[in-house]
Amino acid sequence: MTREQLATLFARYASVVDGRDTSSDCSAMDSKNGATEVSAYAREAMGWAVDTGLITGVNGTDLEPGGTAWRASMAEMVKRYSSF
């Protein structure tokens, strides 16, 4: 699973199950390295994930949307989501 796929999964869960607004203007995401590499289907979900702090980027700056979402990064995202 890629990082953008995981962000999309979280955004859809948040929207459907928790009834959260997952819309984003993507401005925070666009300031990160790799924002132009985000697939069209995942753009708003990645923007929401960055807006909420669910994704901060590798080293705080690089999104790496096509990179592997490792178990540790998944666990960190679950932890961050549960604190919303």
Looking at every non-hydrogen atom in both residues, tell me the closest pair between [X] and [Y] and how far apart they are.
X: M77; Y: L6; value: SD-CD2, 3.3 Å
X: T8; Y: A42; value: OG1-CB, 3.5 Å
X: A49; Y: A7; value: CB-CB, 4.1 Å
X: A11; Y: T22; value: O-CG2, 3.4 Å

Judged by atom type as modelled, is there a donor-acceptor pair below 3.5 Å linking the side chain of [X] to the main-chain atoms of [Y]?
X: K79; Y: M74; result: no
X: S39; Y: Y41; result: no
X: K32; Y: V50; result: no

Under the side-chain contact (heavy atoms from CB on, under 4.5 Å) criterion, do M46 and L63 qualify, and how do the steps go?
CA-CA 9 Å; M46 282 289 283; L63 288 178; 4.2 Å; yes

Please determine if D30 and R43 form a salt bridge, counting it only when a charged side-chain N lies under 4.0 Å from a carboxylate O.
yes

Are W70 and L9 linked, directly or through intermediate hydrophobic residues, by side-chain heavy-atom contacts shorter than 4.5 Å (ILVMFWY only)?
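L9 does not cluster with W70.
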
Do S23 and D21 have side-chain N/O donor and acceptor atoms under 3.5 Å apart?
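There is such a pair (donor and acceptor under 3.5 Å, judged by atom type) between the side chains of S23 and D21.
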
Evaluate side-chain contact (heavy atoms from CB on, under 4.5 Å) for R20 paired with S15, printing each intermediate quantity in order.
CA-CA 5 Å; R20 296 182 186 272; S15 177; 6.0 Å; no

CD (E37) and CG (D62) are apart, to the nearest 0.5 Å, by 9.0 Å

N59/T61 under side-chain hydrogen bond (donor to acceptor under 3.5 Å, both in side chains): CA gap, chis, key distance, verdict
CA-CA 6 Å; N59 299 321; T61 59; 5.9 Å; no

Of the options M29, R3, E44, which is the one that meets V38 in a side-chain contact (heavy atoms from CB on, under 4.5 Å)?
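With V38 as partner, M29, R3, E44 yield a single side-chain contact (heavy atoms from CB on, under 4.5 Å), made by M29.
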
Does the pair E64 and T2 meet the rule for a side-chain contact (heavy atoms from CB on, under 4.5 Å), with working shown?
CA-CA 9 Å; E64 295 186 18; T2 65; over 6 Å; no

Go through it in stages, so that I can follow the logic: the residues are I55 and F10, the test is side-chain contact (heavy atoms from CB on, under 4.5 Å), and I'd like the CA-CA distance, side-chain angles, deciding distance and then a yes or no.
CA-CA 11 Å; I55 290 180; F10 268 97; over 6 Å; no

Walk me through it: do Y81 and F84 pass the test ring pair (Phe, Tyr, Trp, His ring centres under 6.0 Å)?
CA-CA 5 Å; Y81 185 84; F84 286 173; 5.1 Å; yes

